2 protein chains.
Amino acid sequence: MAIEHWAEEDTEMADRTEGTSHRPAPVHTHPDDVPLLTALSALADPVRIQLVRDLAGHPDWALSCSNFDVPVGRAAKSHHFSVLRDAGLVEQRDQGPKRLNRLRREEFDARFPGLLDLTLRTDDTE
Amino acid sequence: MAIEHWAEEDTEMADRTEGTSHRPAPVHTHPDDVPLLTALSALADPVRIQLVRDLAGHPDWALSCSNFDVPVGRAAKSHHFSVLRDAGLVEQRDQGPKRLNRLRREEFDARFPGLLDLTLRTDDTE
DNA sequence: CCCAGTGTTCGATGGCCATCGTACAGTGCT
DNA sequence: AGCACTGTACGATGGCCATCGAACACTGGG
């Protein structure tokens with residue numbers, strides 16, 4: 001299960017409609033291949049929760065990584081997106097120099113029913 | 001929100017200046033007072049997941065701490081139960097030298113709908 | 001009263017992880 | 001070409017946390 005249909009390789013050339021990328025494509029993990037512990041660990045971080053929530057508040061592919069307003073530097077932010085990809089929470093697509101993001105709502109919810117909704121709608125009163 | 005109703009009764013000793021128990025009662029946190037991040041962090045640990053699952057497989061108050069078969073020493077186990085208490089996942093009650101446990105299913109589920117069920121029934125394929 | 005069983009606390013340790021700064025690599029624009 | 005922008009890779013660092021061993025505290029029973 002969980003077929004990665006992404007296969008993009010550093011093909012030397014050929015003009016493509018939109019795909020000619022000499023840049024390593026982001027590695028994705030399908031939610032079906034994600035252990036529960038990985039999913040929980042991914043969401044057990046304040047910055048990543050904020051990223052997910054922010055992402056949920058915008059249309060798919062609307063936000064590039066730099067558009068997220070989190071109190072960490074670029075390096076850490078990049079790391080967090082990597083974690084979110086590995087947890088099957090985020091899908092990324094390159095467009096120009098930017099890396100657009102999409103929350104994998106349905107796929108993730110199919111694997112971990114309710115977890116994403118919980119993360120999005122729980123009001124953190126403390 | 002979250003009233004702790006602690007009226008443990010059965011101690012015979014009439015003379016109670018303040019609980020004849022000479023042992024510090026376990027400190028509990030009601031799920032309503034638990035931030036999402038705390039709940040997720042509590043469950044983002046393999047040993048604690050195992051504890052919760054094991055607990056769910058037995059009737060309330062059926063298991064004392066030593067009855068759980070996890071690959072850690074007593075000290076670490078005690079620490080894990082402390083974390084679970086702070087996350088509103090476990091309630092403990094002293095009986096003799098033992099400390100009996102109960103999974104706070106309904107209260108926790110009311111605060112984080114689906115999270116506990118998810119933890120209990122997700123099959124970890126890897 | 002001692003003892004065995006149970007659980008907590010303490011200090012120490014090792015490892016993992018979030019973060020930073022910097023350097024580097026692609027991309028598009030002028 | 002050069003440049004600004006975007007994101008990643010790398011090494012280092014600091015902190016948090018899971019774990020252990022040992023010491024301690026409480027309980028009930030012989």
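Reminder, nothing fancy here: chain letters follow the sequence lines and each chain counts from 1. All of these numbers come straight from a predicted model, not from anything done at the bench.
Counting to the nearest Å, the C1' atom of dG7(D) and the CG atom of Asp94(A) are 9 Å from each other. Look at CZ on Arg48(B): it is 12 Å from C1' on dT19(D), rounded to the nearest Å. Distance Leu37(B) CG to dA18(C) P: 11 Å, rounded to the nearest Å. Atom CG in Asn67(B) sits roughly 14 Å away from atom P in dG5(C) (whole-Å rounding). Atom CZ of Phe81(A) and atom P of dT6(D) are 14 Å apart (whole Å). Note: CZ (Arg93(B)) to P (dG7(C)) measures 14 Å, nearest angstrom. Whole-Å rounding puts the His79(A) NE2 to dA18(C) P distance at 4 Å. In this structure, Lys77(B) atom NZ and dG21(D) atom P are separated by 14 Å, rounded to whole Å.
When each of dT19(D), dG7(D), dG7(C) is scored by its nearest atom to the side-chain atoms of Ser64(A), the top-ranked nucleotide is dG7(D). For Pro97(A), taking side-chain heavy atoms from C-beta onward, the closest of the listed nucleotides dG26(C), dT8(C), dG5(C) is dG26(C). Across dT8(C), dT19(D), dT19(C), the shortest atom-to-atom separation from the side chain of Ala76(B) is found for dT19(D). The side chain of Arg23(B) lies closest to dT27(D), out of dT27(D), dA18(C), dC20(D). Side-chain atoms of Lys98(A) lie closest to dT6(D) of the nucleotides dT19(C), dG7(C), dT6(D). For His22(A), counting side-chain heavy atoms from C-beta on, the closest listed nucleotide (dT19(D), dT8(C), dT27(C)) is dT27(C). For Ala75(B), the listed nucleotide lying nearest its side chain is dT9(C); candidates were dT9(C), dA18(C), dC10(D).
Applying the 4.0 Å criterion to OP1 and OP2 of dT8(D), one finds that Arg99(A) has a side-chain N or O inside that range. Dashed line: the shortest gap from a side-chain N or O of Arg74(A) to OP1 or OP2 of dA9(D) is not under 4.0 Å. A close approach under 4.0 Å does occur between a side-chain nitrogen or oxygen of Ser66(B) and OP1 or OP2 of dG7(C).
Side-chain atoms of Thr38(B) do not come within 3.5 Å of backbone N or O of Val34(B) as any donor-acceptor pair. Counting only distance, with no hydrogens or angles, the side chain of Arg48(A) and the backbone of Ser41(A) share a donor-acceptor pair below 3.5 Å.
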Carefully, step by step, assess Arg99(B) and Asp94(B) under the rule salt bridge (Lys or Arg N to Asp or Glu O under 4.0 Å). CA-CA 4 Å; Arg99(B) 186 155 280 191; Asp94(B) 288 344; 2.7 Å; yes
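Sequence order on DNA chain C of the closest nucleotides to Cys65(B) and Pro71(A) puts Cys65(B) first from the 5' end.
Within a 6.0 Å radius of CZ in Arg53(A), more than 12 heavy atoms belonging to other residues, nucleotides or ligands are found.
For Glu91(A) and Arg105(A), the salt-bridge test fails: no basic side-chain N is under 4.0 Å from an acidic carboxylate O.
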